[in-house]
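Have a look at the structure below, then the notes.
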2 protein chains.
Amino acid sequence: MTFFNEEPITAADKTFFQLRKDIVEGGILAGSKLSEAELSTKYCVSRAIIREAINRLESCNLVERKANIGARVVALTPAGLIDLYQVRESLEGMAARLAAKNMTPEEIDNLNSLLNSHFQKVKTGESYYQEAGDVDFHYRIILGSKNKHLITMLIDGIYHLVRMYRVQLGMSGPRITTAFDEHRHIVQAISNRDEELAEMLMRRHIMYSKKNVEAKLVKS
Amino acid sequence: MTFFNEEPITAADKTFFQLRKDIVEGGILAGSKLSEAELSTKYCVSRAIIREAINRLESCNLVERKANIGARVVALTPAGLIDLYQVRESLEGMAARLAAKNMTPEEIDNLNSLLNSHFQKVKTGESYYQEAGDVDFHYRIILGSKNKHLITMLIDGIYHLVRMYRVQLGMSGPRITTAFDEHRHIVQAISNRDEELAEMLMRRHIMYSKKNVEAKLVKS
DNA sequence: GTTGGCTATATTGTCGACAATGTATTTGTA
DNA sequence: TACAAATACATTGTCGACAATATAGCCAAC
């Protein structure tokens, strides 16, 4: 699952990963203040470590810092979620286009295998897909783009935020079988090296997802 | 010109801005190592300040840090520049689409005024456009998208890198009058609230720019 | 002469203390 | 009582020192 060497080396690394996890999964609530002293005692490291971790969290747009005042976890707003999906549509669309151009035959084979294993689970009625499977699929295409900036922005930046929204607004919802078909068509386009179509299908796929999420927002 | 309140408050802010400027404008060469001690004496601040500044530079993808080894200014490669333009095409295309949807009539009027003032200068043969004017135009559309993530990624992230490439590879080149026509058509699409067309034209505009840059790369 | 390990040096990582800034409380005056 | 200034407190920003890690140079063994 974890594609990249996200091995923590320094104490700041470990603290950053831990803090990010706690924020994304709701252990630290959205909008809450991050007191350096408090976190310092909680995670048993010096304030310097906490400060570095907070700076990195700011880079992924998970917290906002104001000079001489402090850092807060970002607030989750419906508008913010829409903003995110617009950026996703744009970037992942381009990722799919580039994947159609740059993925190796082996990578495409693996993508097909992944899809088949998904199909098995969907067929047997397992409530699959909700999280890991979907993320896995998207990650492979993003990485398949071979574009470093694209990869960093999406995987290090956007995806953690999206997950934070999903977790804290309780959106592990349906869109299972339909999404599977969309995935299938995207892979087909990539297999055919049809860049134009791959981008268009991915953008639509994410737009559907956005609408699905929007519908849930108004209900709650 | 400077749209955003980029007022430095802390010493770390000032040092970050200064370092960024020195890197983007080539005062510190691409690929060179950033020694904390050295920079500390050079900029007359403590190592802690330098470290924070370097961390922020890493967030904008201007430097790369390795644990226990140090930070280097990113290397400028032809492939890296192509990657950048692909991301730009994707994000600015979406920005133009959202601008067509979200810009106020006043903002659109101002954009038209800007375009007219450009036209005057182009007509009188001033070797305009090379830098500020073009950036100004693009910034307004990016800001007009009203999408916070989009704005941050482009203005805080991509644009400094693009400028670094331009400066250090000596690309202040032509593409003056043709680019003006492209700008004109984009504004027209935005005025008509034609999201689809605005995005398409912006993407083409950046693709042309990319090809222009590619042509210069092979020559050098 | 070359290779392997050891020592010395330089660089980054981490820490606790102090300075500067922001916030809350108190006090005095109208 | 209401408001404003001054004071006390809490939090962030900055610094220099020490610890941990990486790099370079040296010596010994083969």
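Below, read A as the first sequence line, B as the second, and so on, with proteins coming before strands; counting in each chain starts at 1.
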Worksheet item: Is it true that B:Glu52 and A:Arg51 have a side-chain N and a carboxylate O under 4.0 angstrom from each other?
Response: yes
Discussion item. Rounded to whole Å, how long is the line connecting atom CD of A:Glu36 with atom C1' of C:dT21?
Written reply: 13 Å
Practice prompt. With heavy atoms under 4.0 Å as the rule, sort B:Ile50 into base, sugar-phosphate or nothing.
Written response: nothing
Worksheet item: At their closest point, which heavy atom of B:Gln168 faces which heavy atom of B:Ile28, and how far apart are they?
Response: NE2-O, 4.0 Å
Worksheet item: Taking atom P of C:dG22 as reference, at what distance in whole Å does atom NZ of A:Lys33 sit?
Response: 13 Å
Response to the item:
Bounded by its outermost nucleotides with an atom under 4.0 Å from a heavy atom of chain A, the footprint on DNA chain D reads D:dT11 to D:dT14
Worksheet item: Which word best sums up how the rings of B:His138 and B:His205 line up, parallel for under 30°, tilted for 30 to 60°, or perpendicular for over 60°?
Response: parallel
Item to complete: Look at all strands and tell whether A:Ala11 reaches a base, only sugar-phosphate, or nothing, counting heavy atoms closer than 4.0 Å.
Response: sugar-phosphate
Worksheet, complete the sentence: Closest to the 5' end of DNA chain C, once A:Ser46 and B:Ser35 are matched to their nearest nucleotides, is B:Ser35
Name the atoms and distances for all side-chain donor-acceptor pairs under 3.5 Å in residues 69-81 of chain B, with sequence neighbours left out.
unit_1  : atom_1 : unit_2  : atom_2 : d
B:Arg72 : NE     : B:Gly31 : O      : 3.1
B:Arg72 : NH2    : B:Gly31 : O      : 3.3
B:Thr77 : OG1    : B:Gly80 : N      : 2.9

Worksheet entry | Protein-nucleotide distance (B:Asn68, atom CG; C:dT11, atom C1'), rounded to Å | 9 Å
Item to complete: Indicate, with a heavy-atom threshold strictly under 4.0 Å, whether A:Ile54 touches base, sugar-phosphate, or nothing.
Response: nothing
Worksheet entry | Separation between CD1 of A:Ile142 and CE of A:Met94, rounded to the nearest 0.5 Å | 14.0 Å
Worksheet item: Can you name the residues that form a salt bridge (Lys or Arg N to Asp or Glu O under 4.0 Å) with A:Glu38, not counting sequence neighbours?
Response: none
Worksheet item: Which residue lies toward the 5' end of DNA chain C, A:Ile69 or A:Glu52, if each is placed at its nearest nucleotide?
Response: A:Glu52
